Protein chains: 2
Amino acid sequence: MSDDNDKPRAKRSSGSARLTDVARVAGVAPMTVSRALNRPELVTDSTRRKVQQAVLETGYVPNRVAGALATSRSGLVALLVPTVAHALFAEVVQAVMGELAPRGYQVMLGLVGYTPAQEEVVIETVLSRRPDAIVLTGCRHSPLTRERLQRAQVPLVEIWDMSDDPLDMLIGFSHHAVGLAVAAHLLERGCRRFGIITADDARAARRVEGFLEGIDKVAGSACLVREVGTPSSMPWGREKGAELLDTGSIDAIVCSSDILALGVIAEAQSRGLAIPDELAIMGFGDSSYAGASHPALSTVRIDGASIGRAAATHLLRRLDQSVFSRSGEVLDVGFTLIDRDTT
Amino acid sequence: MSDDNDKPRAKRSSGSARLTDVARVAGVAPMTVSRALNRPELVTDSTRRKVQQAVLETGYVPNRVAGALATSRSGLVALLVPTVAHALFAEVVQAVMGELAPRGYQVMLGLVGYTPAQEEVVIETVLSRRPDAIVLTGCRHSPLTRERLQRAQVPLVEIWDMSDDPLDMLIGFSHHAVGLAVAAHLLERGCRRFGIITADDARAARRVEGFLEGIDKVAGSACLVREVGTPSSMPWGREKGAELLDTGSIDAIVCSSDILALGVIAEAQSRGLAIPDELAIMGFGDSSYAGASHPALSTVRIDGASIGRAAATHLLRRLDQSVFSRSGEVLDVGFTLIDRDTT
DNA sequence: CAACAAAATGATTGCGCTATCATTTGGCGG
DNA sequence: CCGCCAAATGATAGCGCAATCATTTTGTTG
């Protein structure tokens, strides 16, 4: 009954119980314990009970690091987003985790920021963990990143963007198309002299491109662009909004996020400008508070939760298959222009 | 020069290069490659260069699963929050990751929701990954969870709460004290007939308790409580706000989050109630938009980023020490009552 | 109840890496 | 130029688990 044994096994590093400890207590072979825990249907009821009892007695918690090495399945899914400080991406994270957790996968979160250089570093460290799948925000990567991801032979979903040449699967929307849609909307409202307030972010830049293309051919149209620092915030919106309004020739301001737009609203109100007649304002993201501002903010809604869910369910399907093959599928979930009271 | 070799080693499961492959190409022993990559100061410049060259040629990406098993250090920190859909916790996640990533730790994110039962499941799966440290939101756990965490001998920081009996370190604030402070504030404003709209969340419940205690002895005071479903949202705030206002005897409404308060503001405005004279409103969290609402929302500010940073830096310090010992430290970072225009 | 198949259990081995030795190499004073 | 010490490198042995195959037990059937 003594726990001490004759041969001092000094090499043990972790103090916790192992599979063999459980096996000894249960009076079976380690392999039987492994089966009782992972494939209980392969074991008789009586041994299963003995093992469960032994697990309780020893306080055994399986070591999935060892399990992962033995099976080369880590049970981890890497989820890479620019930030979680932004509600849109937080929504994606929440949705992905909601799908994966019930299936026993855990999420390794990585923040890749908005530059390929950051992404490169994060991708390498993430790959060293041998994740079973990867969800990666964006689809413009450095050549090195592309090569590494391709070599890795890991099911991958790029999200939140659109491309003809995805690394594997792609679920997202076209930022260029968002820009075009916003331009069309504001032109229809009669706006011609535009200001843009945008974060320094490649995808926001493509929305700007789309917007500029949308107004390009229209007589009398003009556009000034202002960039803000990170993170986007109301004060930034207000400051850059003031700069734009000071030029005296702006009748609409488009922002790369709702929070910037809120700052612009504040600035416009302090100047006594009528919204949307003297100044139209567009946000991006349809944050929870967008409908609550006064006036209610017109914006572009992206369904982050549905992108996250789709990415996760797609990966789960792939993970159920044993063979690895690239998907090549591209799913455009689109976006919705929400016309409230600021346009 | 041929890559094929005589003995077919069929057992290889992953197709990617291993340490031994790099070693062969570099013409050194595997151990030397390991050193060149992990402790480069122990290796001469010339061998370091040979190894780097071989790494490039083979496209080697270290397998940290194997490394973790060998060293019993996983390089993972588990970060457990109720949700990331809420900006307050997203802020914590962002801050923790910001501190840990530069030091080579990766974050395993877990969502524990608001119930001990969910927490219990998540904690077990998280512990099976043998994280090097854990950041856990809240400090009221089931007995089983407490026992598992104690056995695990992992540096742990509980956050976002206050207790006399932390499992290890604790960094947070007292929800009870928040309730007391809000009560004192509103009483001073002359409010007596209170309504509370709260999420079904143990910590929010303790804020409510504190609030009730705060108004308990005051003549003529009364309080009605309404619970909302998950997730908290403006419509919930509006609906429950309407219910409370319909009772005809409410002069202040306290909400468990800013977003609920926004809903109450909308309802009050639609009824033409003067804020704060006819109805005072308090939020919780000081979300980015709280100052932007009309009228600007009075709320309680929690510095999630600083809690996250403190937790991470504390853990990093502990991880630098080789011996494990519990800390027992308790750090109350407090909160700030922000008195804007709704009270 | 023998004979056999199927189910249950066990023994062995290796996943890819690093800790811990043992061994070799290089530098330097005498 | 030898001998000595330190620095550099190498060989060995696990880390804890599960895949695989070998063995034992159980159940079935004529």
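Every heavy atom of this structure was used, including side-chain atoms; hydrogens, water molecules and symmetry mates were not. Convention: sequence-line order gives letters A, B, ...; per-chain numbering from 1. Because the structure is predicted, anything quoted here is derived from the model rather than measured.
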Review point. Shortest non-hydrogen contact from A/S34 to A/L19?
Key: CB-CD2, 3.9 Å
Review point. In whole Å, what is the span from the CG atom of A/D21 to the P atom of D/dG16?
Key: 9 Å
Point to revise | Pairing of B/R146 and B/D165 as salt bridge, 4.0 angstrom limit | key: yes
Practice item. Specify the separation, in whole Å, of atom CD of A/E41 and atom C1' of C/dA8. Key: 13 Å
Point to revise | Closest approach of B/A305 to B/A95 (non-hydrogen atoms, all atoms of both residues) | key: O-CB, 3.3 Å
Exercise for review: For B/A90 and B/V84, work out which heavy atoms get closest and say how close.
Suggested key: CB-O, 3.8 Å
Review point. More 5' along DNA chain C: A/P30 or B/R39, using each one's nearest nucleotide?
Key: A/P30
Check your understanding: Taking atom C1' of C/dC15 as reference, at what distance in whole Å does atom CZ of A/R64 sit?
Key -> 16 Å
Practice item. Please check the phosphate of D/dC17 (OP1 and OP2 only) for any side-chain N or O of A/S34 closer than 4.0 Å. Key: no
Check your understanding: What nucleotide, of C/dG14, C/dG16, D/dA19, holds the atom closest to the side chain of A/A70?
Key -> C/dG14
Point to revise | A/R35 (side chain) and C/dG10 (base): donor-acceptor pair under 3.5 Å | key: yes
**Study point:** Nearest-Å distance for atom pair CG/P, residues A/L42 and C/dG10
**Key:** 14 Å
Review point. Whole Å only: how far is the CG atom of A/L69 from the P atom of C/dC15?
Key: 9 Å
Check your understanding: Please give, in whole Å, the distance from C/dG16 P to B/L37 CG?
Key -> 16 Å
**Study point:** Contact residues, residues 43-55 of chain A to DNA chain C [heavy atom, < 4.0 Å]
**Key:** A/V43, A/T44, A/T47
Review point. Given D/dC17, C/dC17, D/dT20, which nucleotide is nearest the side-chain atoms of A/M31?
Key: D/dT20
Review point. Among B/L170, B/L331, B/I307, which residue meets the side-chain contact (heavy atoms from CB on, under 4.5 Å) test with B/I159?
Key: B/I307
Revision key, fill the gap. B/L319 and B/D132 have their tightest heavy-atom pair at CD2-O, 3.4 Å
Point to revise | Listed nucleotide nearest any side-chain atom of B/R73, set C/dT18, C/dG16, C/dA19 | key: C/dA19
Point to revise | Euclidean distance, B/T145 OG1 relative to B/E147 CD, rounded to 0.5 Å | key: 10.0 Å
Exercise for review: Determine to 10° how strongly the helix from C/dC1-D/dG30 to C/dG30-D/dC1 is bent, judged from the axes of its five-pair ends.
Suggested key: 30°
Study note, to complete from the structure: Only one of B/R148, B/E120, B/E119 passes side-chain contact (heavy atoms from CB on, under 4.5 Å) with B/H141, and that residue is B/E119
Practice item. Side chain of B/L19 only, please: which of D/dA18, C/dC17, D/dT9 is the nearest? Key: C/dC17
Point to revise | Salt bridge flag under 4.0 Å for residues B/D320 and B/R103 | key: yes
Practice item. Flag the pair A/V77 / A/M108 as yes when at least one side-chain heavy-atom distance between them is below 4.5 Å, and no otherwise. Key: no
Can you pull every protein N or O that's under 3.5 Å from an N or O on nucleotides 23-25 of chain D?
none

Practice item. Give a yes or no on this: more than 12 heavy atoms of other residues, nucleotides or ligands lie within 6.0 Å of atom CZ of A/R48. Key: yes
**Study point:** Heavy-atom pair of closest approach, residues A/A36 and A/V43
**Key:** N-CG2, 4.0 Å
Review point. Reckon A/N63 has a side-chain N or O less than 4.0 Å from the OP1 or OP2 of D/dC15?
Key: no
**Study point:** Sugar-phosphate only, base, or nothing, as touched by A/A29 at under 4.0 Å among non-hydrogen atoms
**Key:** sugar-phosphate
